[in-house]
Amino acid sequence: MKIIVVGGETLAYHFAKMVQTKGYKVVVINKNLEFCQQLSKKLRTLVIHGDGSKRYVLEQAEPLPEDIVVTLTPKDQDNLVISLLARESFKVRKVVSLVNDPNNREIFEAFGIDCISPTEVVADMATRYTFAEQIKSYFPISRDLSIIEIPIEENHPVVSKQLKDIPMPHDSIVGSIVRNDEIIIPRGDTVVKAGDRLIILCNTGVQSEVLKVITGEV
Amino acid sequence: MPKSYYFVVVGCGRLGSKVAGYLSEKGHSVVVMDKNEEAFERLPPEFTGFTVYGDATEMESLKEAKVNMADMVLAFTANDNTNFMVAQIALRIFGVPRVVAYVHEPENIELFKEFGIEVVCPTLLTFETMKGIFRFLEE
């Protein structure tokens, strides 16, 4: 089994180096001649100079069904064509593609191609760090839905209030309260106490609003 | 009177602008899209449709052009891979019944057809014309 890396420069180099040290055979395809020359010296592996979205270039890497093809070009249209060529013409079962524009994920997924979206990964990490102080844990369920856990402190405006009196934004709901290691499935008349941990299911878009209502801070 | 169709032409180049003018003159609704605003200057006077300035590989631009309503999408940019992606988004995501793409590299024709795209290949068409010209060789 070998790993065929198509396109991308810094990313391709580091990725190829990483999988190579793990003992896999790597073949790199790249359009940039200078990059190819440097890479073949640094990695001592087969480097093919050419446009990987062309069948006759991809063919030189001799893709087999058990191989893995990873496409890392900065253009989603190129990644899509490479991925589908690998799958349809060479019957490669495992194809992983970089998706530059997160909105394009849908089309890649429609063809069953595994996607890596750096924009989404970075946005997700940034969200975690930004809200790190108030949110104890954060589980993104999908791009639009997350479960967040907020520990309640004395000074929070919701303390001693009944749930029904807390103006929760639309698309958010307090699904559970953890109090002294006990799980409460709350009702409208459940009163929030300091020390509680609120488990909230919400649309990612209203997350900051939820935080504001619960903690009083932005 | 024949039915009026809704066409979205992606890429207002030499072919795109000509086809857009032709369809418009025939009384169909046409939207032409290009990521270069100056490209619309190519549109002939008979063109009475709309233009959308945007990158067709971005879903938002395709939504703006109301691709979901189109009877046919024509992917006519200078790049085969862009045409392929636009065509696939039109077919798979927006459910457009028919999509035609301009394919420059004859090697790509098979891939396009395999994925349900109708193909126009200038290289092959030129070649056919050339064969006509070469007919004198057999006389």
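Convention: sequence-line order gives letters A, B, ...; per-chain numbering from 1. Predicted, not measured: the structure shown is a model, and the values here were computed from it.
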Requested in this report: Heavy-atom distances under 4.5 Å only: say whether Tyr56(A) touches chain B with side chain, backbone, both or neither.
Outcome: both
Query raised in the report: Is there side-chain contact between Met85(B) and Asn104(A), with at least one heavy-atom pair below 4.5 Å?
Result: yes
Requested in this report: With the side chain counted from C-beta on, respond yes when Asp101(A) and Thr57(B) share a heavy-atom pair under 4.5 Å apart, and no when they do not.
Outcome: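 Asp101(A) does not reach Thr57(B) side chain to side chain.
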Check whether more than 12 heavy atoms from other residues, nucleotides or ligands sit under 6.0 Å from atom [atom1] of [X], and answer yes or no.
{"X": "Lys25(A)", "atom1": "NZ", "result": "no"}
{"X": "Arg42(B)", "atom1": "CZ", "result": "yes"}
{"X": "Glu128(B)", "atom1": "CD", "result": "yes"}
{"X": "Leu124(B)", "atom1": "CG", "result": "yes"}
{"X": "Glu62(A)", "atom1": "CD", "result": "no"}
{"X": "Tyr5(B)", "atom1": "OH", "result": "no"}
{"X": "Lys26(B)", "atom1": "NZ", "result": "no"}
{"X": "Lys2(A)", "atom1": "NZ", "result": "yes"}

Report task. Taking heavy atoms only and a threshold strictly under 4.5 Å, list by residue number the residues of residues 107-117 of chain B that touch chain A; give 'none' if the list is empty. Result -> Glu107(B), Asn108(B), Glu110(B), Leu111(B), Glu114(B), Phe115(B)
Rounded to the nearest 0.5 Å, what separates atom [atom1] in [X] from atom [atom2] in [Y]?
{"X": "Asp51(A)", "Y": "Asn81(B)", "atom1": "CG", "atom2": "CG", "answer": "6.5 Å"}
{"X": "Ile89(B)", "Y": "Ile107(A)", "atom1": "CD1", "atom2": "CD1", "answer": "5.5 Å"}
{"X": "Phe84(B)", "Y": "Leu85(A)", "atom1": "CZ", "atom2": "CG", "answer": "8.0 Å"}
{"X": "Gln77(A)", "Y": "Asp80(B)", "atom1": "CD", "atom2": "CG", "answer": "11.5 Å"}

Requested in this report: Could you go through the side chain to side chain contact (heavy atoms under 4.5 Å, CB included) check for Met59(B) and Glu106(A) one step at a time?
Outcome: CA-CA 10 Å; Met59(B) 208 82 90; Glu106(A) 205 179 337; 3.8 Å; yes
Report task. Could you have a look at Glu58(B), Glu60(B), Arg92(B) and say which one has the most heavy-atom pairs with chain A under 4.5 angstrom? Result -> Arg92(B)
Query raised in the report: Using a cut-off of under 4.5 Å for heavy-atom pairs, which of Ser89(A), Ser53(A), Ala110(A) has the most such pairs with chain B?
Result: Ser53(A)
